[in-house]
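In what follows, a structure is listed as structure tokens, so that the remarks can point back to it.
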Amino acid sequence: MFEKNLYQVLELSWRSPESKVRESYRRLAKSLHPDLHPNNPQATEQFKEVAHAYWVLSDPERRKNYLLDHPRFDPPPTSRKTSAQPGFTSPRQKTNVKPDQADLHIRIHLTLEEYAVGIIKSIRIDRWEGCPACEGTGIAGGVKSVICTVCNGEGSVPNLTGIGLAMIPCRRCEGTGLQSLSACSMCIGKGRVIIPQTIEVKIPAGHPENEAIILKNQGQLDTMDCDRGDLKVSINLKDHHYFERQGKDLKYYCRISLLQWVEGCELKAPTLDGPVVLKIPPLSKPSGILKVRGRGLPQKAADPGNLFVHYTLHLPDGLTKKQFNLLRKLHETPGFAPQTDDQGFFPRKA
Ligand SMILES: [Zn+2]
Ligand SMILES: [Zn+2]
């Protein structure tokens, strides 16, 4: 709702004394009062800004907190140490205060399948919003309750005396033109409350994992200052049931039996969009890697990754008696077992 710093809203510098804050507020509130601009939402918004700025800056404690939170005013203070206000800290002395609480950071967890095609996710966030009860001003009753209703902000009212009509100070507001302000009970004067929101985040296919998706002005209202921050969404990819990830490439591990190795076989491998079938010729290498081009993870501004299918020959952990007897019979057939020379050694291959 509010964009400028609170002193700018009141057309003041942050050095301005308290009396100027009140004077400026009264002048602006009178000229911007919604009653004078019934069909002008912009004036109403400006009026709310002015009321909120006054609410914060007219109270020593609130002003002090505001200045501590916002070390951004120019020019830097020079003789502030001798300030008459006890407890006043100049804004520049607190440069370690980071005024970016307005940005919200969240992390979204995606399956590889979701990441591969892109997805719109609905997420729930709790964020600070302008308080609806006081229209973000922090003042009980909101914008309607700041100008004295008896004198209409003039500070004086007509009075019929013996010698005619004279203006006398308004008793209701003691001549200030302003009502005495009390804090909104919903937001305890902060002007902000936490409101849960559901936001849709569009994640394009293959969006870089290390690059947050930034939703401008979807963050929350900063403490007291009311700049709205951004919502920063980071992506986290969940582990997959089948695949191991290496950057944009995927690895799938499988095993073939001795018979499949001897006969050759068709190997079925999953991908993120349906299975593929790969051929292993008879008696090829007992373990190897088959590359399936372009079936890894998609990339926003680059070629997609590849799928690598790692296969190995499966050797059983143990054999049953029946298996053992069959294997022994097989072993005794000519050409099955490796041949050694008459010393029992293997001669070097030519
Ligand atoms: Zn409120
Ligand atoms: Zn009055």
Side-chain angles (χ1 to χ4, degrees), residues 1-6 9-10 18-37 41 43-66 69-70 101-102 104 125-161 165-197 217 219-229:
M1 188 197 305
F2 308 119
E3 297 293 327
K4 298 171 227 157
N5 87 47
L6 301 185
V9 168
L10 291 180
E18 215 178 323
S19 60
K20 284 276 176 206
V21 170
R22 192 181 184 90
E23 197 180 288
S24 197
Y25 164 63
R26 193 175 157 202
R27 176 175 55 81
L28 290 165
K30 267 176 74 179
S31 69
L32 291 166
H33 198 278
D35 289 351
L36 296 176
H37 310 274
T44 306
E45 279 310 298
Q46 252 182 299
F47 183 83
K48 284 187 211 168
E49 287 183 7
V50 165
H52 174 74
Y54 175 69
W55 168 250
V56 174
L57 299 181
S58 62
D59 177 83
E61 192 60 30
R62 284 193 283 269
R63 183 176 62 241
K64 190 178 119 193
N65 288 336
Y66 173 72
D69 281 347
H70 297 84
Q101 295 151 310
L104 278 179
I125 53 168
D126 287 339
R127 69 181 181 194
W128 286 98
E129 298 287 348
C131 171
C134 62
E135 297 158 277
T137 58
I139 305 162
V143 298
K144 292 259 185 287
S145 62
V146 297
I147 296 283
C148 174
T149 48
V150 172
C151 64
N152 207 18
E154 295 301 328
S156 55
V157 285
N159 188 37
L160 201 55
T161 64
L165 207 59
M167 298 302 279
I168 57 163
C170 171
R171 266 193 240 155
R172 168 83 180 272
C173 63
E174 294 170 335
T176 60
L178 306 170
Q179 306 215 42
S180 63
L181 305 178
S182 54
C184 167
S185 56
M186 186 168 175
C187 63
I188 46 169
K190 285 193 172 101
R192 310 185 312 153
V193 280
I194 290 177
I195 297 179
Q197 304 276 347
N217 297 319
Q220 57 189 353
L221 292 180
D222 194 0
T223 325
M224 310 288 275
D225 182 272
C226 304
D227 283 339
R228 188 177 281 283

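All residue numbers in this chain count up from 1 along the given sequence. Remember, it's 1-based here, ligands and their atoms both numbered in the order they're listed. Owing to the predicted nature of the structure, the values given are computational and were not obtained by experimental measurement.
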Given side chains that start at C-beta, do those of Leu10 and Val50 come closer than 4.5 Å, heavy atoms only?
yes
For the residue pair Tyr25 and Leu57, establish whether any side-chain heavy-atom pair is separated by less than 4.5 Å.
no
For Arg27 and Ser24, does a side-chain donor sit closer than 3.5 Å to a side-chain acceptor?
yes
Heavy-atom check, side chain of Glu23 versus side chain of Lys20, under 4.5 Å
yes
State, yes or no, whether a side-chain contact exists between Thr44 and His37 at a heavy-atom distance under 4.5 Å.
no
Nearest 10° is fine: what angle sits at the Zn ion (ligand 1) between SG from Cys184 and SG from Cys131?
110°
Can you find a heavy atom in the side chain of Val157 that is under 4.5 Å from one in the side chain of Arg172?
no
Taking 2.8 Å as the distance threshold, tell me the number of protein N/O/S atoms next to the Zn ion (ligand 2).
4
